[in-house]
Amino acid sequence: MLVERIWAANDLRNFQYLIACSQTGEALAVDPLDGRQCLETARRHGFTITQILNTHEHRDHTAGNAELVAATGAKVLAHAGAARTIGGVDRGLARGDVIKVGRTVELEALDTPGHTLTHLCLLAHGDAPALFCGDTLFNAGAGNCHNGGDPELLYETFVNQLARLPDATRVFPGHEYMARNLAFTLDREPGNSDAAKALAEARALKPEDARITTLGEEKRVNAFLRLQNPEVVARLRERFPEIGEKPDARTVFVKLRELRNSW
Ligand SMILES: [Zn+2]
Ligand SMILES: [Zn+2]
């Protein structure tokens, strides 16, 4: 499986991806925002874009569909529940559906509500597992729930699905927010030396060169995956005394998300 990450160089700091078969060069474009950029990247690598997948219905993840379809005739795939909002969807996906790219790539659709109610992530199994997670999981952070989302559902997606994937899973999010999110983790957990080190590294890199993290690393530096950490809980209690001495993981997650909204 070949992966090309495409930095959109916009204010929202979007990442788009091409996932290609190393044998046939057929490619799936994930969350195309700028169709021209995706076509140019495909051309440079000798890929043929045959499919498009939108992780969810927000415009910054779908705006490039029309240009790519016009240029390549690619089929559009999205969560079945988001198909009407997106428009032009050829294949509506549900949990467990498999997306094949060329001869060598198989991706599993995960139904991952929270950022919106109809959001999906793509999981590549095998010895180099990879997760294309749109606006659900970010490097050191979690998606917001401002535009049609639900923090309780996002919590369930994190705990019941994402946190259970192998630690070696590489994480390919829909936006580049690494440094800002690591700073939030350090605000919540000042003693996290892994996050401090990662923040220094992230600040030294241009966004288009941001490191690809793994889920194992995320568990060390992402506050939204550290819901039982004593320092995270103690600092949260200072801010929200009403959560009591032993808040459950769901409460910690929802309060962290609430704090991050205005942080
Ligand atoms: Zn979004
Ligand atoms: Zn987005």
Side-chain angles (χ1 to χ4, degrees), residues 3-19 28-38 41 52-68 76-89 92-93 109-123 130-158 161-162 170-182 184 202 207-208 210 212-213 218 222 224 253-254 256-258 260-263:
V3 178
E4 284 300 321
R5 185 178 68 183
I6 305 166
W7 165 242
N10 58 340
D11 289 347
L12 287 172
R13 306 174 75 83
N14 285 75
F15 279 138
Q16 314 152 88
Y17 298 93
L18 298 182
I19 304 173
L28 167 77
V30 178
D31 287 348
L33 166 60
D34 182 330
R36 190 197 49 77
Q37 264 189 328
C38 295
T41 304
I52 297 163
L53 181 133
N54 306 123
T55 57
H56 63 293
E57 63 272 31
H58 289 158
R59 264 309 267 178
D60 59 315
H61 298 255
T62 65
N65 284 12
E67 189 172 358
L68 284 189
V76 178
L77 289 67
H79 192 295
R84 260 178 84 178
T85 313
I86 293 172
V89 172
L93 297 167
L110 308 182
D111 191 359
T112 53
H115 172 67
T116 71
L117 303 187
T118 50
H119 186 299
L120 56 82
C121 293
L122 282 182
L123 178 64
L131 180 72
F132 298 85
C133 39
D135 290 359
T136 297
L137 170 69
F138 292 131
N139 297 122
N144 70 49
C145 303
H146 302 323
N147 298 298
D150 178 340
E152 303 252 350
L153 286 176
L154 190 60
Y155 162 76
E156 282 166 24
T157 289
F158 263 62
Q161 297 194 68
L162 305 187
R170 290 172 297 155
V171 174
F172 295 98
H175 294 263
E176 199 298 297
Y177 298 146
M178 179 122 55
R180 178 105 180 111
N181 284 336
L182 286 165
F184 179 72
E208 59 266 44
I212 310 291
T213 65
E218 291 299 328
N222 189 326
F224 294 91
F253 185 97
V254 170
L256 283 174
R257 189 52 262 176
E258 185 183 327
R260 181 67 177 82
N261 289 344
S262 54
W263 188 79

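In each ligand, atom 1 is the first atom listed, and ligand 1 is the first ligand listed. All values below come from the heavy atoms of this structure, side chains included, with hydrogens, waters and symmetry mates left out.
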Next item on the list: Could you verify whether a donor N or O on one side chain and an acceptor N or O on the other, from His119 and His79, lie under 3.5 Å apart?
Entry: no
Note to self: If only side-chain N and O atoms count, and only distance matters, is there a donor-acceptor pair under 3.5 Å linking Arg260 with Asn181?
What the structure shows: yes
Next item on the list: Please check if any side-chain donor atom of Asn54 sits under 3.5 Å from a side-chain acceptor atom of Thr62, or the reverse.
Entry: no
Notebook entry, point to check: Any idea which N/O/S atom from His58 gets closest to the Zn ion (ligand 1)?
Noted result: ND1
Note to self: Quick check on the Zn ion (ligand 2): does His56 put an N/O/S atom closer than 2.8 Å to it?
What the structure shows: no
Checklist line | Donor-acceptor pair between Glu218 and Thr213 side chains, under 3.5 angstrom | finding: yes
Check: Can you tell me if an N/O/S atom from His61 lies under 2.8 Å from the Zn ion (ligand 2)?
Finding: yes
Next item on the list: Mind reading off the angle at the Zn ion (ligand 2) between the OD2 atom of Asp60 and the OD2 atom of Asp135, rounded to 10°?
Entry: 160°
Checklist line | Closest approach to the Zn ion (ligand 1) by His115, given as the N, O or S atom name | finding: NE2
Next item on the list: Anything under 30° is parallel, anything over 60° is perpendicular, the rest tilted; go ahead and classify Trp263 against Phe184.
Entry: perpendicular
